[in-house]
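Computed from heavy atoms alone, side chains included, the values below leave out hydrogens, waters and symmetry copies.
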Amino acid sequence: MDYALVGSFPKASLGSSDWRRDNPNKNCFSGSYVAVRVSRCKAWDVLERYCGAESQQHLLKRHTIGTKEKSTFYRRHDKKFLVNATAGHPLESEPDPTSIWNSIKNAVDAFYRFSRPHTVIGTALSIISVSLLAVENLSDFSPLFFTGVLEAVVAALFMNIYIVGLNQLSDIDIDKVNKPYLPLASGEYSIGTGIMIVTSFLIMSFWLGWVVGSWPLFWALFISFVLGTAYSINLPPLRWKKSAVVAAMCILAVRAVIVQVAFFLHMQVHVYKRPAAFSRPLIFATAFMSFFSVVIALFKDIPDIEGDKIFGIRSFTVRMGQKRVFWICISLLEMAYGVAVLVGASSGFMLSKCITVLGHAILASVLWNRAKSVDLNSKAAITSFYMFIWKLFYAEYLLIPLVR
């Protein structure tokens with residue numbers, strides 16, 4: 001039997017199909033009504049198909065929204081993990097001890113290269129050696145002596161790091177050619193980091209010199225600061241390293257005169273409270289190190305000739321050539337060793353005479369033999385020989401306290 005069914009399909013709120021079959025006379029539709037003549041069986045089929053489609057569309061819509069929300073959530077988290085992985089951070093919440101240890105080692109290594117360790121060793125050895133010249137008898141080896149030496153060494157090393165650091169800040173472009181392994185040239189240190197380091201060590205050096213209250217020490221630091229700054233900083237009329245003669249004079253003044261005289265007076269006058277006196281060993285040390293400082297000033301530019309040419313640094317090596325400057329340096333050192341042998345031979349102390357004569361003769365012989373085997377066309381060979389000259393520099397400060 002046919003009958004008229006009225007309802008609003010768009011706003012159907014139909015329950016399950018079982019409920020519809022159990023309650024055939026109850027209306028589950030609301031809204032505007034439209035009459036449709038269909039059979040009972042067809043009516044239920046139409047309704048079921050329509051409501052089923054509506055329910056599926058509703059569920060599909062909710063599923064799609066949920067999927068989008070979940071997708072957004074996971075994309076955010078994936079992005080977070082991706083950023084962490086790209087930045088080099090471990091995904092685990094606990095820090096990796098190996099990574100921390102490697103970071104510490106890299107930081108120490110970078111600072112080690114930044115401090116130019118061969119100059120640090122040279123500064124420390126020279127101050128200790130010169131301080132020993134002020135010792136007159138065994139009773140002078142007191143806690144006062146060791147305190148005075150420590151004060152001088154630490155303050156001088158702080159100033160040394162300021163000077164070599166400022167030089168690197170001023171020579172970043174040149175060092176990219178000559179010394180690309182240095183932290184500023186390689187990019188391991190930013191310019192801001194370099195400025196922070198040199199400023200900190202400059203302040204600590206002057207602070208320690210002031211606290212100690214030794215005028216020879218303070219003036220040694222101040223003069224080193226002035227000459228080191230004028231040597232490196234790129235401000236007119238400074239940047240004295242552009243002039244080969246002025247650059248050599250700066251290094252000679254610091255390494256040969258200030259280190260010997262000022263730090264000797266620090267021990268003699270400030271620590272031991274004795275009147276200033278210039279002994280024979282002190283005069284010898286100043287004269288010998290004048291030769292050595294000139295050699296260092298000349299030789300340091302031999303492996304750097306390529307970058308110096310590009311950036312207009314008119315060093316002696318650029319003007320005269322590597323080979324000529326190399327053999328000038330060797331000749332100056334051999335002359336200095338010859339004078340040292342004569343000074344040792346004139347000593348009235350047999351032990352001092354034997355050690356200084358034999359020691360300087362051996363060093364002169366080793367220098368000559370090593371110099372003959374250097375390949376002047378190899379930057380690596382020249383750099384290695386330059387480091388060898390610094391080792392001779394260290395050895396000399398082991399002999400100086402024995403000169404009498």
Side-chain angles (χ1 to χ4, degrees), residues 80 82-90 95-124 153-211 218 220-242 247 250-251 254 300-301 303-304 306-308 310-313 315 383:
K80 179 180 178 181
L82 179 61
V83 170
N84 285 340
T86 304
H89 300 304
D96 184 4
T98 304
S99 177
I100 295 175
W101 175 244
N102 288 336
S103 299
I104 293 173
K105 286 198 301 184
N106 291 337
V108 171
D109 177 66
F111 182 75
Y112 176 80
R113 284 178 280 119
F114 180 81
S115 66
R116 309 295 279 146
H118 61 280
T119 65
V120 170
I121 296 170
T123 298
V153 168
V154 173
L157 290 184
F158 286 167
M159 183 60 67
N160 188 93
I161 293 173
Y162 161 77
I163 292 172
V164 298
L166 180 65
N167 188 55
Q168 291 174 64
L169 282 168
S170 303
D171 286 356
I172 293 177
D173 292 333
I174 300 177
D175 287 340
K176 287 179 180 178
V177 178
N178 293 336
K179 305 180 185 75
Y181 55 86
L182 294 178
L184 283 166
S186 67
E188 293 174 81
Y189 281 175
S190 65
I191 294 177
T193 300
I195 292 173
M196 180 191 69
I197 292 174
V198 299
T199 303
S200 299
F201 278 93
L202 176 65
I203 293 172
M204 288 190 295
S205 179
F206 275 129
W207 174 81
L208 184 57
W210 181 263
V211 168
F218 186 84
L221 298 174
F222 181 75
I223 296 173
S224 298
F225 160 72
V226 171
L227 294 179
T229 303
Y231 175 88
S232 296
I233 197 166
N234 196 9
L235 292 174
L238 305 178
R239 189 71 167 166
W240 290 356
K241 68 183 299 178
K242 283 190 172 183
C250 285
I251 296 174
V254 174
K300 72 177 183 61
D301 295 326
D304 294 344
E306 184 180 349
D308 289 349
I310 294 173
F311 292 95
I313 304 297
S315 64
T383 303

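Rounding to the nearest 0.5 Å places OG of S115 at 5.5 Å from CZ of F111. Taking CG of N106 as the start and CH2 of W101 as the end, the distance is 11.0 Å to the nearest 0.5 Å. Rounded to the nearest 0.5 Å, atoms CG (D109) and CD (E188) are 7.0 Å apart. How far CD1 of I174 is from CG of D304: 9.0 Å, rounded to the nearest 0.5 Å.
S232 approaches N167 most closely through the heavy-atom pair OG-OD1, 3.1 Å. In this structure, C250 and Y231 approach most closely via the heavy-atom pair CB-CD1, 4.2 Å. Residues A110 and P183 share a closest heavy-atom pair of O-CG, 3.1 Å. The heavy-atom pair separating Q168 from F114 by the smallest distance is NE2-O, 2.6 Å. Nearest heavy atom pair, residue A156 against residue T123, reads CB-CG2, 4.0 Å. Residues I197 and Y189 share a closest heavy-atom pair of CD1-CE1, 3.6 Å.
Counting heavy atoms of neighbouring residues, nucleotides and ligands inside a 6.0 Å radius, atom CD1 of I191 does not exceed 12 of them. No more than 12 heavy atoms of other residues, nucleotides or ligands shown are found within 6.0 angstrom of OH on Y112.
Counting heavy atoms from C-beta outward, L184 and D175 have side chains that stay 4.5 Å or more apart.
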> Would L208 and L221 satisfy side chain to side chain contact (heavy atoms under 4.5 Å, CB included), going step by step from the backbone distance to the final call?
Replying inline: CA-CA 10 Å; L208 184 57; L221 298 174; over 6 Å; no
>> The test is side chain to side chain contact (heavy atoms under 4.5 Å, CB included); show your working for Y162 and L166 and say whether it passes.
In response: CA-CA 6 Å; Y162 161 77; L166 180 65; 3.4 Å; yes
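Below 30°, between 30° and 60°, or above 60°: for F218 and F206 the angle between ring planes is between 30° and 60°, a tilted geometry.
Only one option out of K176, R239, K179 pairs with D171 in a salt bridge (Lys or Arg N to Asp or Glu O under 4.0 Å); it is R239. For the side chain to side chain contact (heavy atoms under 4.5 Å, CB included) criterion with R116, the lone passing option out of N160, L182, I161 is L182.
At distances below 3.5 Å, at least one donor-acceptor pair connects side-chain atoms of T229 with backbone N or O atoms of F225.
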